[in-house]
Amino acid sequence: MTLNLCVLTPNRIVWDSEVKEIILSTNSGQIGVLPNHAPIATAVDIGILRIRLNDQWLTMALMGGFARVGNNEITVLVNDAEKSSDIDPQEAQQTLEIAEAALRKAEGKRQTIEANLALRRARTRVEAINAIS
Amino acid sequence: MSQLKFSSRVSSDQPFYNTNHKFIQHHSTLFQFNVYRPLKLSKFPTINCTLRDLRERIATVKNTRKITEAMKLVSAAKVRRAQEAVVNSRPFSESLIDVLYSINQQAQLEDIDMPLTEIRPVKKVAIVVITGERGLCGGFNNFVLRKAEARIAELENLGIDCTVISVGRKGNSYFKRRPRFSVDRFIEGGGFPTAKDSQVIADDVFSLFVSEEVDKVELMYSKFVSLVKSKPVIQTLLPLSAKGEIRDGNGNSVDASEDEFFRLTSKEGKLSVVRDKLMGKKDVFLPNMEFEQDPVQILDALMPLYMNNQILRALQESLASELAARMNAMSNATDNANDLVKSLSNVYNRERQSKITNEILEIVAGAEALL
């Protein structure tokens, strides 16, 4: 029994094939989804998606969105998704540092909101690379 | 008087020593001299100069024609890619609309309080203006920018403040040269729009709206109608609502008169536009779907996705319109270049022939004078 996972971003389909198990980061914590899971709908936080195919775990960085599980079909709609193999470690680290600096410099409600979002995203990308190593 | 560099050797056994200045002038054309021919104005509307200049001009125009033709072919190929990008984004938006619709239904009875649907009295509006990166696309950028100006004037007449978020190099330079428009941010795109690009704009817009700096956000871009026509449109981005008008402090509607909601689809492989309502199909949504979090949080996560999607769609359409406009403009330019080459060649040949005729006449006249 396998799950059919579909990860969609606004401009392309990032993943569309069968997996054994996934672990999703949501607003209320991480949930693991095994075959024959009960149907649920959940918001996906900016975080890491772990996919298991035959004892091998793959990570993907997700930038927030929504997930729907039902009948062994999982549809994840996110703003952006990056496979950890596609992320350059140096560049991700630099982006993280830039985001941190921007947050420290942020003034006013609006800049803080923006800087916070950027920081969370950068952090997720760095975590995605570290999670497999 | 024309200058005369008479440096040939007239052999002494020639029986004439005509010191007639005019004759020497004509005689010298038989030899290779630097003779400065006087400018002749022709009967044709084009001003033509010497034979050499005409030749150079024809060569230049042919070169330009090569460039415009190449640009036309490149744009035509890119339009196809832009079309494919739109098709690729369809699965996402379809699933999204599905989910939104069913969640809306199920959560109908709850009192949902979401920041992005909050309707406040409008005191300040942000307009996201999407233009192109490069020129040579006919009136494309101009249309959008003029419409933006008109809209800003309209809003200012209603006493509403405006700020602009300019996307695209052409719009950026336009607004930079006009300091009377308050611009919030300049964003430059590049190549095909990706989710990351639309995320940047979405973040900006989101933070502006949620921090209550603006009360309404509008999107202005060029809608792709067909390969030869595109139309600048205005679409309300925030606050989100399936339908309904946004009103300002005095209860007057501040929607643009042509605010519309559209969907871009692909019919038989051609880019086509289908006007649609937000209601999607409600078929296979499982009725007993449990929400992991409360509906408020879920909708909270969905709305930014939806906004991101809308902005990306606008960027893609704007790009497709720009490419189509460039294709048309370059095609026109190539046709014009062809016409120009033809008329210049005509004039060149006429000049050449009249020059030869003159020379023959002179020779004959000279020969006759000898007799």
Side-chain angles (χ1 to χ4, degrees), chain A residues 6-16 24-31 33 37-46 62-71 73-82 95 99 102 106-121 125, chain B residues 85-86 88-96 98-100 102-103 106 192-200 202-204 206-214 284-313 315-316:
Chain A
C6 216
V7 179
L8 300 174
T9 61
N11 60 341
R12 64 194 177 108
I13 304 178
V14 179
W15 185 282
D16 189 8
L24 202 48
S25 291
T26 71
N27 290 339
S28 45
Q30 296 201 337
I31 34 171
V33 179
H37 197 285
I40 59 162
T42 164
V44 171
D45 207 7
I46 300 179
L62 299 179
M63 305 300 168
F66 177 82
R68 184 167 88 183
V69 181
N71 269 347
E73 294 255 344
I74 309 177
T75 314
V76 181
L77 301 167
V78 280
N79 282 325
D80 199 8
E82 275 177 275
T95 318
E107 306 159 13
K109 196 166 164 199
R110 185 191 144 195
Q111 285 196 10
T112 321
I113 297 178
E114 272 186 38
N116 261 325
L117 282 176
L119 180 65
R120 286 170 74 198
R121 281 195 209 109
R125 293 177 81 221
Chain B
V86 172
N88 280 341
S89 77
R90 274 182 67 214
F92 184 89
S93 35
E94 283 181 356
S95 319
L96 190 58
D98 248 351
V99 166
L100 260 181
S102 18
I103 290 189
Q106 293 188 266
F192 280 89
T194 60
K196 277 203 178 51
D197 299 328
S198 62
Q199 185 82 62
V200 170
D203 278 350
D204 205 21
F206 180 78
S207 53
L208 268 176
F209 190 77
V210 167
S211 66
E212 301 201 7
E213 271 182 43
V214 301
V284 276
F285 205 91
L286 301 154
N288 51 350
M289 175 119 346
E290 247 178 57
F291 293 130
E292 187 72 14
Q293 298 95 16
D294 31 293
V296 178
Q297 284 199 336
I298 297 204
L299 276 175
D300 226 358
L302 278 175
M303 291 305 179
L305 278 182
Y306 178 74
M307 204 169 66
N308 210 346
N309 187 245
Q310 289 291 86
I311 294 178
L312 186 65
R313 277 289 191 71
L315 285 171
Q316 282 171 338

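The salt bridge (charged side-chain N to carboxylate O under 4.0 Å, His left out) test applied to B:Asp197 returns no partner, not counting sequence neighbours. Legend: residues meeting salt bridge (charged side-chain N to carboxylate O under 4.0 Å, His left out) with A:Arg121, ordered by chain and number and at least two apart, are B:Asp203.
Rounding to the nearest 0.5 Å gives a distance of 9.5 Å between CG of B:Asn88 and OG1 of A:Thr9. Distance check, rounded to the nearest 0.5 Å: OG1 of A:Thr75 to CZ of A:Arg68 gives 5.0 Å.
Contacts between A:Leu8 and chain B at a heavy-atom distance below 4.5 Å involve backbone atoms as well as side-chain atoms. Within the 4.5 angstrom heavy-atom criterion, only side-chain atoms of A:Glu82, from C-beta onward, approach chain B. When heavy atoms are compared at a cutoff of 4.5 Å, B:Leu312 approaches chain A solely by way of its side chain, counted from C-beta outward. When heavy atoms are compared at a cutoff of 4.5 Å, A:Leu117 approaches chain B solely by way of its side chain, counted from C-beta outward.
For the residue pair A:Ser25/A:Asp45, the side-chain donor-acceptor check at 3.5 Å is not satisfied.
Contacts with chain B were tallied for A:Ala43, A:Ala38, A:Pro10; A:Pro10 has the most, counting heavy-atom pairs under 4.5 Å. Counting heavy-atom pairs closer than 4.5 Å to chain B, the top-ranked of the candidates A:Ile31, A:Asn79, A:Ile113 is A:Asn79.
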